[in-house]
Amino acid sequence: MSGSFDTATRPGPAATAQPILVDILDLDKYYGSVQVLHGVTLTVRRAEKVVICGPSGSGKSTLVRCINGLETFQAGTVLVDRTDIAQPRELDRIRADIGMVFQQFNLFPHMTVLENCMFAPVWVRKMSRAQARELAMHYLETVRIPDKADRYPGQLSGGQQQRVAIARALAMKPKLMLFDEPTSALDPEMVKEVLDTLVDLAQSGMTMVCVTHEMGFARQVADRLVFMDQGRVVEAGPPAQIFDAPQTDRLRAFLSQML
Amino acid sequence: MTFDISAFFGYLFNDFLLGGVLTTLWLTVAGVIGGLLAGMLIAMLRMSPSRLLAGFARFYIWFFRGTPLLIQLVVIYTGLPQLGVKFGVLESALIGLILNESAYMAEIVRNGFLAIPEGQREAAWALGVPRWLIVLRITLPQAFRLMIAPLGNSVNALLKATSLASVISVEEVMRRSDMLMQEHFQVLEVYAAAAVFYLALTSLWDLVQRWLERRFSRAHVRATPEVGAGAPVLAASLGRVER
Ligand SMILES: Nc1ncnc2c1ncn2[C@@H]1O[C@H](COP(=O)(O)OP(=O)(O)OP(=O)(O)O)[C@@H](O)[C@H]1O
Ligand SMILES: [Mg+2]
């Protein structure tokens, strides 16, 4: 591996010793009159890797998008690093510290790969262009794609685009990374290159919340697996417990479908 | 009677007519710029969450697209003084052209913005980019690319529509052609020359439009995803415009 993910915090000796980074309490979310999150409570500690799984429509994306304020909610609180995400004044500042990777990559098509990665460091972090370029190149090396720096997103494969999206988020040096099904839009042969990148990132000590159907990946990197169904957290625990000793019929049914 | 070729060429190089061409040109440029700026404002109102503002914008667009430019010009120049509001000839022409053009531009701008996937805005929000900067650097440049073709049509139409300003005695190409015609009665020769001027101007705009298209579609090459050594294929397709 050429570059390295240098995250501020390395994984501590015991996960519980780490401070809480994301604190979600009793979250209710409605779309119109339809309730899609029912009293969801979830905490994520620094350097922890939480994988969220569950059937389609169970509210996984909605939950993750509530963490960086892409969705509003009707009841409950979301604290990120002790700051209330529902404070509109703070929102841009908090978002700058939370990286997000989308299913559809959402790279800016009119900017080169390098410009994509430099944009927020320059405009939000007020970094000099030279500094931002260096930083962007560092993370492009980390995701092993520095040779594509001057290409436009439309010229890259899906896997390459997703790795650029990860580099773009990392260039903001986020405290936390959110992933919403980062490999679901990829052709099968490209899934691995993105998962490998995520594994590297996890090993660097980054705090990660990841929605995914990749159960092998979940087993490998997750400290905690959260199973959601119909807008509720049904079960949560270490992968071994979730996979090998599911407590509810719903989880058992879900797991039997996944395998 | 025959077509007097030398008279026709004479009109092509007639300083009086060429002066009219300049007037047509700057009326068009001012109409486009003013129309685009006002159109963006109207488009923003139209997309605003406020029902009142959106309603106003909707009315504005409906009204100015739904009435002939000719009536708008006549009303502004000769009608409004009746209410005590007086504008000069050129002012009236400019106001009319900009009001009319901005209604079309507003719809073009709005359609451009509506075509940008929500994911673009979300990705920028997630990076902590403030809203005004998202419009300026993320959505507007992408929307502009989509706007170039309809904008091109609109500019072409405006260029020719400036001839209507002759009715309120703005001395652009059409008006000056009328004046020459009344002096020399060489109807075909004068208007053929005028037509040539309009053709030259619209052709010039075609060139500008094509340049804009190339300039803004550079980034949107939809190359086949690279597999192994696909570089030469990519390079060859670099000039292609995504449809
Ligand atoms: N913009 C919206 N308007 C109305 N309902 C919505 C909207 N977005 C999502 N929903 C509904 O909210 C529920 C949760 O959706 P969400 O996208 O969070 O599910 P998910 O677990 O991410 O599903 P998937 O695995 O398909 O991505 C679903 O029932 C969905 O239909
Ligand atoms: Mg989802």
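Here is the naming used below: chain letters follow the sequence lines, and residue numbers restart at 1 for every chain.
Minimum heavy-atom separation, Phe102(A) to Ala123(B): CE1-CA, 3.7 Å. Across all non-hydrogen atoms, the minimal contact from Asp92(A) to Val129(B) is OD1-O, 3.9 Å. Of all heavy-atom pairs spanning Met172(A) and Leu127(B), the tightest one is CE-O, 3.5 Å.
Proximity to chain B is limited to the backbone of Leu107(A), based on heavy atoms less than 4.5 angstrom apart. No part of Phe105(A) comes within reach of chain B, as not one of its non-hydrogen atoms sits under 4.5 angstrom from that chain. At a 4.5 Å heavy-atom cutoff, the contact between Phe108(A) and chain B is made by backbone and side-chain atoms alike. Only the backbone of Ile98(A) comes within contact range of chain B, judged by heavy atoms closer than 4.5 Å. With a threshold of 4.5 angstrom between heavy atoms, Arg65(A) approaches chain B through side-chain atoms but not through N, CA, C or O.
Counting heavy atoms of neighbouring residues, nucleotides and ligands inside a 6.0 Å radius, atom CE of Met47(B) exceeds 12 of them. More than 12 heavy atoms of other shown residues, nucleotides or ligands fall within 6.0 angstrom of atom CZ in Arg93(A). By the neighbour-count criterion of 12 heavy atoms within 6.0 Å, atom CZ of Arg121(B) is densely surrounded, having more than that number from other residues, nucleotides or ligands. Residue Glu90(A) places its CD atom among more than 12 non-hydrogen atoms of other residues, nucleotides or ligands, all under 6.0 Å distant. Surrounding CH2 of Trp26(B) are more than 12 heavy atoms belonging to other residues, nucleotides or ligands, all under 6.0 Å away.
Using a 4.5 Å heavy-atom threshold, the side chains of Asn68(A) and Trp125(B) count as separate. Counting heavy atoms from C-beta outward, Pro109(A) and Gln120(B) have side chains that approach closer than 4.5 Å.
In terms of heavy-atom pairs under 4.5 angstrom with chain B, the leader among Arg125(A), Met100(A), Arg95(A) is Arg95(A).
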- Task: Test side-chain contact (heavy atoms from CB on, under 4.5 Å) on Phe119(A) and Leu133(B) and set out the steps.
- Result: CA-CA 11 Å; Phe119(A) 182 74; Leu133(B) 192 57; 4.2 Å; yes
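With Glu122(B) contributing its side chain and Asn106(A) its backbone, the two residues share no donor-acceptor pair below 3.5 Å. The main-chain N or O of Arg137(B) is found under 3.5 Å from a side-chain atom of His110(A) such that the two form a donor-acceptor pair.
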